[in-house]
Amino acid sequence: MELVEESPYRFRIDRRDPMRVPGVVFASRALLPDPAGDRSLEQVANVATLPGIVGASYAMPDVHWGYGFPIGGVAATDIAAGGVVSPGGVGFDISCGVRLLAADLDRAELRPRLEAVMDALSAATPRGMGSGAVWQLTSRDELEAVLRGGSGYAVRRGFGVERDLHRCEDYGAVQDADPAQVSDRAIERGAHQVGSLGSGNHFLEVQAVEQVYDEPVAEAFGLRPDQVCVMIHCGSRGLGHQICTDHVRAMEKVMGRYGIHVPDRQLACAPVDSAAGRAYLGAMAAAANYARANRQLLAHAVGRIFERQTGRRLDLVYDVSHNLAKIEDHTLDGGVRLLCVHRKGATRALPPGHPDLPAELRGVGQPVLIPGSMGTASYVLTGVVGSPAFASACHGAGRVRSRKQAVAVGRGGDPRAQLQARDIAVRGASRRGLAEEMPAAYKDISAVVEAAEGAGLCRKVARLVPLGVVKG
DNA sequence: ATGTGC
């Protein structure tokens with residue numbers, strides 16, 4: 001894959017047939033994927049062939065290989081020009097995302113209570129591959145209320161407060177969810193997992209604010225130095241996975257009828273303005289709302305534990321997903337166009353002044369929540385005016401070794417002991433599960449964030465360090 | 001990511 005260096009944090013893949021637009025990779029040279037083990041730059045070029053794609057096929061600094069689209073990919077299509085939506089451009093874990101809570105508590109005050117807090121969080125957090133959840137839903141009607149209402153439904157049922165919704169992307173629910181497009185199988189898989197963490201790279205972490213880069217913005221977000229925070233990273237569990245599977249299959253069947261041909265079967269897609277496209281978007285919105293409710297329920301459980309253990313409240317800083325396609329207005333070539341923006345392993349990053357932000361955040365921009373790999377720092381960033389990638393930023397460190405490779409590299413070591421030696425309390429997860437998530441398997445989060453900022457995608461606000469982690 | 005893999 002030929003890359004042209006345009007600036008220190010921007011590389012171009014020149015357009016050549018059948019690409020409709022160029023590829024653009026925001027990264028330092030050191031962060032570029034190694035073509036020997038990762039073909040994600042070929043995927044960037046493949047995405048550039050999709051009908052209706054505008055601007056470029058973008059890759060964030062944490063880009064790595066994914067299903068069809070790269071993880072860390074952004075692609076926008078022009079709906080009026082036959083632009084498509086593709087489930088592979090969202091990913092299997094629909095609306096997987098991050099929620100950050102902040103306590104009115106300093107890390108020194110928490111220190112003597114940390115082990116007890118971690119035990120209580122561990123006991124209250126359903127996690128791992130199987131079932132077990134905060135909510136046990138008994139009827140399809142009740143699950144449909146979750147699929148339509150997202151975090152808002154959880155709040156209405158008493159699991160949170162109205163203020164929470166002002167600190168959620170989309171005020172807690174994507175509009176136009178269509179439960180009729182969700183298969184019975186997806187419903188069955190989801191019914192017993194509402195309010196559960198999952199496994200893999202999902203986690204619940206107690207953190208402390210180690211550094212503030214922009215004090216006024218941090219203050220507007222509700223963050224200050226040494227403050228204790230809780231970060232939750234999880235998604236739509238088996239329900240989102242099943243919806244992705246179902247709609248990829250459906251689109252594979254009808255794609256030819258729309259005259260669409262793609263270089264990789266995993267890029268199955270349909271026009272946004274088509275029966276198959278609308279069906280997927282309705283089901284995707286339902287899965288997104290499931291993920292939002294999932295994080296709302298877990299956060300509420302965590303809040304109760306914090307109050308009981310420390311006497312302090314947890315307030316929501318923000319909740320934002322990094323696996324979603326959204327219908328958005330963007331200015332392009334001087335005109336406003338309605339685009340379908342796919343962000344897969346990429347976080348929406350609205351700039352200051354954006355009308356979709358609540359009044360209290362409009363002056364400073366949207367909080368962009370970037371978890372590091374296990375045991376490393378996480379970052380809070382903010383969106384900036386003039387984003388070069390449809391108001392999007394990175395989403396995390398980005399895997400560089402497969403799970404299997406990660407276990408092989410770490411063989412002989414004890415991941416739990418390694419984390420505890422650095423004063424990080426660990427709860428849950430098997431030895432293998434932890435080994436798969438060790439920092440050696442990921443890029444350096446600080447380098448990823450430097451590149452994202454250097455490329456003009458976002459701006460640093462605060463750096464958080466882990467005190468304790470609950471893994472699936 | 002995922003009742004882990006056609």
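Side chains are part of it too, since the values below use all heavy atoms of this structure and drop only hydrogens, waters and symmetry mates. All values derive from a computational prediction rather than experimental measurement.
In this entry the distance linking CE of A/M129 with P of B/dG5 reads 8 Å, nearest Å. If you measure from atom OH of A/Y290 to atom P of B/dT2, you get 10 Å, rounded to the nearest angstrom. Atom CG in A/N294 sits roughly 10 Å away from atom P in B/dT2 (whole-Å rounding). Across the protein-nucleic acid pair, A/H202 atom NE2 and B/dT2 atom C1' stand 10 Å apart, rounded to whole Å. Atom C1' of nucleotide B/dC6 and atom CZ of A/R249 are separated by 11 Å, given to the nearest angstrom. Rounded to whole Å, the distance from CD1 on A/I94 to C1' on B/dT2 is 12 Å. Straight-line distance from the CD atom of A/Q242 to the P atom of B/dT4: 12 Å, rounded to whole Å. Between A/R185 atom CZ and B/dT2 atom P the separation is 16 Å, expressed in whole Å.
In this structure, A/H233 has its ring center under 6.0 Å from that of A/H322.
Take A/D356 and apply the salt bridge (Lys or Arg N to Asp or Glu O under 4.0 Å) test, not counting sequence neighbours, and it matches no residue. Take A/M19 and apply the side chain to side chain contact (heavy atoms under 4.5 Å, CB included) test, not counting sequence neighbours, and it matches A/I13, A/R15, A/R16, A/A45, A/A48, A/T49.
Scanning all heavy atoms of the two residues, the minimum distance from A/S196 to A/R237 falls at OG-NH1, 2.6 Å.
For B/dT2, one of the phosphate oxygens OP1 or OP2 lies less than 4.0 angstrom from a side-chain nitrogen or oxygen of A/S199.
Within the 4.0 angstrom heavy-atom criterion, no nucleotide atom of any strand lies near A/G235.
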